[in-house]
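Remarks on the structure that follows.
In what follows, every chain begins at residue 1, and chains take the letters A, B, ... in the order their sequences are listed.
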Number of protein chains: 4
Amino acid sequence: MKRKRDLRKQEILQAALDVFGRTDFQRACISEIARKAKISEGTIYFYFKNKEDLFFSIPAQKIEEFCEGLEFHLQGIQDAPGKLTKMIWFYLYFFKTNPVYARILMLEMSVSKRFSKSITFDRIPVFTDRILEIVREGQEKGFFRKDLDGCLVRDILLSFLEYRVTRWLLNEESYELLENYGEIFDFIQETQRPCRQGIFSFEGLGIPSTVSSFKPPQ
Amino acid sequence: MKRKRDLRKQEILQAALDVFGRTDFQRACISEIARKAKISEGTIYFYFKNKEDLFFSIPAQKIEEFCEGLEFHLQGIQDAPGKLTKMIWFYLYFFKTNPVYARILMLEMSVSKRFSKSITFDRIPVFTDRILEIVREGQEKGFFRKDLDGCLVRDILLSFLEYRVTRWLLNEESYELLENYGEIFDFIQETQRPCRQGIFSFEGLGIPSTVSSFKPPQ
Amino acid sequence: MKRKRDLRKQEILQAALDVFGRTDFQRACISEIARKAKISEGTIYFYFKNKEDLFFSIPAQKIEEFCEGLEFHLQGIQDAPGKLTKMIWFYLYFFKTNPVYARILMLEMSVSKRFSKSITFDRIPVFTDRILEIVREGQEKGFFRKDLDGCLVRDILLSFLEYRVTRWLLNEESYELLENYGEIFDFIQETQRPCRQGIFSFEGLGIPSTVSSFKPPQ
Amino acid sequence: MKRKRDLRKQEILQAALDVFGRTDFQRACISEIARKAKISEGTIYFYFKNKEDLFFSIPAQKIEEFCEGLEFHLQGIQDAPGKLTKMIWFYLYFFKTNPVYARILMLEMSVSKRFSKSITFDRIPVFTDRILEIVREGQEKGFFRKDLDGCLVRDILLSFLEYRVTRWLLNEESYELLENYGEIFDFIQETQRPCRQGIFSFEGLGIPSTVSSFKPPQ
DNA sequence: TATGAATGAGCGTTCATTCAT
DNA sequence: AATGAATGAACGCTCATTCAT
């Protein structure tokens, strides 16, 4: 009967995703999740330790989905640049098609000390390593600049991807997340001429680019 | 007596910074801020519309501080690479020396839809533009790669800086934020040989690199 | 306005006595106390830290009442036996006329580790010392046996008084608490003949005498 | 298979003693008792009507233990003073060596109206009668004062014993319960000279002597 | 301007008990 | 005999905000 237990757990997690997705952690309430899952409130506490435990358990299922989807899309691609492009595309595509989860992950979990210490966080597999692997492969095969440290490249890519998804969410998903995703790894390629000046920019979209964007006093 | 009013407002904001800095927005409470500021709770509502208004008013004073500090440090530096290095250094240095504000800005405001729509957010001067200006100057003078779009470069720099500060905060400020800050703009420079492979990396510090770090299923 | 504050506190305590008196601590609920006191629930928390604090604050007012009443009744009595008799009478009389408070004190507080560590408990003045004083006075003047330790006598008296009140409460206050109160200090008097065999006993009342009353196995 | 049923019942009662002994009735929970007894929660309800029934069933086994132990220790003692001393010693010794049970009996059951009406309570054998028997025997043989009513003496002894155990428990069992137990029946003996003034007293131990200890206002 | 008492809605969590299997 | 998933009522406590003074 392990099966049944897992099934019930999934039902609760699905209801939780719905409810947590609509508002923030604090405002979401257990009673609504229970109602959505068609069970009593007490039952939730049979499957999860508390509200936070339930919240932090949401990513687990989504991570699997992400990884399966990623490997599916990488099939058959041979060259490193192709793989990296695909990864970037899939990353953005995944969050575009899972905006509710994106909101939870990017605007709540990614910023939570408690999540960064939770079991779920530790169990998050290293998507990172996959990127690093491909970056190094690309460097060895002569596709990418060899003078940039692989880990630095990986971190730049990840931070920029997170940044783009976060901006998109804060702007009510009002524009196309997948626009211009190709330019993202221009910087790891050998210098090309002529440059693609002006192609990639948020400015044309009227989006304030970052929290850190201060205007100096005149 | 406009003077006195502003003074009192600053006192409240200082108390608010203390209190909001210690825990998150929800948990912080007005009564404690009032106690810290040595006024009654009711008085706070004379100076600020509500709790959120008070919260979102905190950055304003800090932004001025940041900008003044930045301009001060940029004095006398002529070349674009020098300026950019200084900016990166100062950005990290500022948050290192203002960790409480860093927490509020990076882990709460930067992720809040309501803040991104608030008056305070709009009044944030474009630090961004300063970076873009220097990047373009560097490209024109031949210091930086010309084939990368200036806005892209700016956004990569900003996202990576935010990323580093955020990681540092989530890891309880347990390591040196200013370590290896120079490598950050390697990527905008022309390819160099020999490469500085391995110098910059979070890995050596045992820091989980990002929320998005998934391990692919084997 | 200190006056008003104290007044309000007393109102809440009165309502609390009513409600806590009816059932036990766990079952009593704040909402009912608030209703009784005609205030909102939140207000209770303005005057008391929490439910337990409110509960443990009840004795304070009653203790004053007790002490004032005691001193009032002791007025004009000169001899130690007369004083002691009066004290015993007043003790029983007080709880007879304050059965609700008696229940709270004897069946809940007197058995609570947390109460025995609470501030209220520490502030309970030493009624004990008054007894000891009178016992010693009676010994010196030759009214009471000199060979019994004063503290022992005091503790025997106190434990027996508590015992009688407790029994009375557990038996639904179904008999007269003040019956035979005089015999209680027979034991401190010099041996008298003829003895008053059989006068004082719970047995005639059909009251199980104590928790510790075991029947030996036949 | 009546045998097996009783065995299982005993296992549950043992687990219940462990759990109820650690905290109070309200806080103790069935699930923990089930875990301790290595059975499921539902099974407990096969053996006991409900939580309270289980709780009130605990003394039965302990009472037998007590009575057997008492009779064992009384063997061979001829004189009434010797028997009474032994009883007092054993009473204190028993609770000293069964502190968990002591807590349940003295701080919870002895104060519960529902227990004083429960079947278990009625089945408690009259330890009382044994004391009364010995007291009267001592009086007839001329060992004890004849002018004190036997029932009064019995009740004084019982209340004082309960009192000492209760104080000891409330003080976290931090001192020696068996200290000075001999003085307890000084009062039933004929007046002796010289007196043993000061030998028995709680004061030297720094123990607050009773809940009822009020200090009179000066 | 400033106070601070009062509000009152809102929600997470517990756990004894049941009952289908 | 035994299980253990499911129930669901019940309640203490918080705290931003208001408003009479």
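Distances shown here put a side-chain N or O of D:Tyr45 below 4.0 Å from the OP1 or OP2 atom of E:dT17. For the OP1/OP2 pair of F:dA1 and a distance below 4.0 Å, the side-chain nitrogens and oxygens of D:Arg8 include no atom meeting the criterion. OP1 or OP2 of F:dT3 sits under 4.0 Å from a side-chain N or O of D:Thr43. Contact annotation: A:Ser40 side-chain N/O to F:dG8 OP1/OP2 distance is not under 4.0 Å.
For the pair A:Tyr47 and B:Ser31, both in contact range of DNA chain F, the more 5′-proximal nearest nucleotide belongs to A:Tyr47. Checking B:Lys38 against A:Gly42, the closest nucleotide of DNA chain E that is more toward the 5' end is the one next to B:Lys38. Residues C:Arg27 and B:Glu52 both approach DNA chain F. Their nearest nucleotides, taken by heavy-atom distance, put C:Arg27 toward the 5′ side.
What separates NZ of D:Lys49 from P of E:dA16 is a distance of 16 Å, to the nearest Å. Between the CD atom of C:Gln26 and the C1' atom of F:dC11 there is a distance of 11 Å, given to the nearest Å. F:dC13 atom P lies 10 Å from atom CG of C:Leu54, rounded to whole Å. If you measure from atom CZ of A:Phe20 to atom C1' of E:dG12, you get 11 Å, rounded to the nearest angstrom. B:Glu11 places its CD atom 14 Å from the C1' atom of E:dT1, with the value rounded to the nearest Å. Atom CD1 of D:Ile44 is separated from atom P of F:dG4 by 13 Å (rounded to the nearest Å). Between the C1' atom of E:dG8 and the CZ atom of C:Arg35 lies a distance of 14 Å, rounded to the nearest Å. Per the geometry, NZ belonging to A:Lys9 stands 16 Å off C1' belonging to F:dA6, to the nearest Å.
Contact annotation for D:Ile39: backbone-only contact, meaning every heavy-atom pair under 4.0 Å involves sugar-phosphate atoms and none involves a base. Residue-level contact check: D:Phe25 touches neither bases nor backbone, having no heavy atom under 4.0 Å from any strand. Note on B:Phe46: only backbone sugar-phosphate atoms sit closer than 4.0 angstrom, heavy atoms only; bases stay farther off. Counting any heavy atom pair closer than 4.0 Å across all strands shown, C:Phe48 reaches no nucleic acid atom. Within the nucleic acid shown, D:Ala28 comes within 4.0 Å of sugar-phosphate atoms alone, with no base atom in reach, counting heavy atoms only.
A heavy-atom distance below 4.5 Å is not found between the side chains of C:Gln26 and D:Phe25.
Between the base of F:dC13 and the side chain of C:Glu41 there is a donor-acceptor pair shorter than 3.5 Å.
The two residues D:Ile12 and D:Ala37 have their closest heavy-atom pair at CA-CB, 4.3 Å.
Pairing of E:dA5, defined by two Watson-Crick or G-U wobble distances under 3.5 Å, is identified with F:dT18.
Taking 4.0 Å as the cut-off between side-chain N and carboxylate O, A:Lys38 and A:Glu11 do not count as a salt-bridged pair. Under the 4.0 Å criterion applied to side-chain N and carboxylate O atoms, B:Lys9 and B:Asp6 are not assigned as salt-bridge partners.
When distances run from any side-chain atom of A:Ile30 to the nucleotides E:dG8, E:dT13, F:dA16, the shortest one goes to E:dT13. With F:dT17, F:dA6, F:dA5 as the candidates, the nucleotide lying closest to the side chain of B:Lys51 is F:dT17.
C:Lys117 forms no cation-pi arrangement with C:Phe56, by the criterion of a distance under 6.0 Å to the ring centre and an angle within 45° of the ring axis.
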From CA spacing to verdict: salt bridge (charged side-chain N to carboxylate O under 4.0 Å, His left out), A:Arg35, A:Glu32: CA-CA 5 Å; A:Arg35 208 179 318 125; A:Glu32 201 187 335; 5.3 Å; no
